[in-house]
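Below is one structure, written out as structure tokens, with a few remarks after it.
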Amino acid sequence: MKETTKILHSIPVDELTGAISTPIYQTSTYVQEAPGVNKGYDYARSNNPTRKVLENLIATLENGKNGYAFASGLAAIDAVVKLLQSGDEIVAVDDIYGGAFRLFTHIYQKFGITVKYVDATDTANVAVAITSKTKLIWLESPTNPTLKISDIEAISKIAKANKVLLCVDNTFASPVAQKPIELGADIVIHSATKYLAGHSDLIAGLVVTNTNELGEKIKFIQNASGAILAPFDSWLVIRGIETLPLRVKQHSENAQKIAEFLLTQDIVKNVYYPGLSIHKNHHIAKQQQKYFGGIVTFDLKIDDKEFATQIVSQTQYFKLAESLGGLKSLICLPCEMTHKSIPRESRYESGVTDSLIRLSVGLEDVDDLINDLETAIKSLSKKISSTA
Ligand SMILES: *Cc1c(COP(=O)(O)O)cnc(C)c1O
């Protein structure tokens, strides 16, 4: 069975009624036949049939053993960190998602869990950073916003040799484009808020484990800490995943064309897209990803925040907003939005210049999207040449 078929048909038909759409079990508790005698459900924080369908679906999609649904991507990350204890160390990719950085630094550091950040595009950096205290390697690939790619399979070998867990935040790629567990990862997390739900209409997170033993630990944390996903939001994520293969394919096709268009523009300095042969990690991306995804980032030859601001405020179809992965295209200026809290110097070290613009390429007709960008760029070029 091919993947698209598998996705649609691993969502079960309701046994009770034959409903082809998953029923939303909007309940907090379940009536028991006798004390402790129930149908496998006792309290909805512990178990909910709608959430269960989503959890099984994401496990299938990632080729893992178990899936767990959380109230946000960060709650999913939080659950994985809770596998550790005081004194443990994490080795993490250096341009990690800002919210994960904040969680590690401002919450878990005070509980004695420390993090070392390395440029994981060079696998050797990961190997060197591991000590006897390291219990977890944390990767994102592609990263946000400069789309750096790490060799997940090579790093998973390092993890196994050192008996360290490897967790991959697979949000940017989506499981349709990349399956970290097949490449050797132990755990995958998602901000399902992005491509999985896909319609910019909810916040959700998922964890997938490659063994039942790890799965039971995450399940325990999910129930003990309580940051579960609600039944209706679980249903929306299921519905989103039904069209995931179609969407990721189209997001990626549109993004490739937009990246190629941006390369031809005089005022553009760097274009970051893993599908471009000039991308620094293109060969690894090609090896481990089926699609290159819907995010394209670029900056300007004149590295001026005002110029970049003019572009992001002039596009009509690319709406100015944080987040990504929805049907409608979004544009953002990381230095003033997603990466505002990062000091300028360290921001520049990871390539996030003042003029860096991130596009979440949506599913509009790509000709319209290119026209939209071209109009904004032309208007800026005119302004630059008239002031020169
Ligand atoms: C958005 C995002 C998160 C956090 O997810 P929320 O659903 O916003 O809590 C984590 N990792 C990556 C890569 C993200 O883009």
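Each ligand, and each atom within it, is numbered from 1 in the order the structure gives.
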ask   = Among Leu136, Ile137, Val126, which one satisfies side chain to side chain contact (heavy atoms under 4.5 Å, CB included) with Leu166?
value = Ile137

inquiry  = Is it the case that over 12 heavy atoms from other parts of the model lie below 6.0 angstrom from the OH atom of Tyr348?
reply    = yes

key: Closest approach of Pro245 to Thr4 (non-hydrogen atoms, all atoms of both residues)   = CB-OG1, 3.8 Å

request  = Enumerate the atoms of ligand 1 whose separation from the nearest heavy atom of Gly73 is less than 4.0 angstrom.
outcome  = 5 (O), 6 (P), 7 (O), 9 (O)

query = Heavy-atom contacts under 4.0 Å between Ala192 and ligand 1: side chain, backbone, both, or neither?
reply = neither

Residue pair Thr315 / Asp372, side-chain donor-acceptor N/O under 3.5 Å = no

ask   = Where does the angle between the aromatic ring planes of Phe101 and Tyr117 fall among parallel (under 30°), tilted (30 to 60°) and perpendicular (over 60°)?
value = tilted

task = Establish, from distance only, whether the side-chain atoms of Asn212 and Glu216 form a donor-acceptor pair under 3.5 Å.
result = no

ask   = What protein heavy atom sits nearest atom 12 (C) of ligand 1, and how far off is it?
value = Asp169 OD2, 3.4 Å

task = Please identify which atoms of ligand 1 are closer than 4.0 Å to at least one heavy atom of Ala204.
result = 7 (O)

ask   = Do Asp14 side-chain atoms and Thr17 backbone N/O form a donor-acceptor pair below 3.5 Å?
value = yes

note = protein heavy-atom neighbour closest to atom 5 (O) of ligand 1 works out as Ser191 OG, 3.0 Å

Protein residue, atom and distance nearest to atom 7 (O) of ligand 1, heavy-atom basis = Thr193 OG1, 2.7 Å

ask   = Closest non-hydrogen protein atom to atom 4 (C) of ligand 1, residue and atom name please, with distance?
value = Tyr97 CE2, 3.4 Å

request  = Specify the protein heavy atom at minimum distance from atom 15 (O) of ligand 1: its residue, its atom name, and the distance to 0.1 Å.
outcome  = Lys194 NZ, 2.8 Å

task = May I ask you to identify, for Leu74, whether its side chain, its backbone, both or neither come under 4.0 Å of ligand 1 on a heavy-atom basis?
result = both

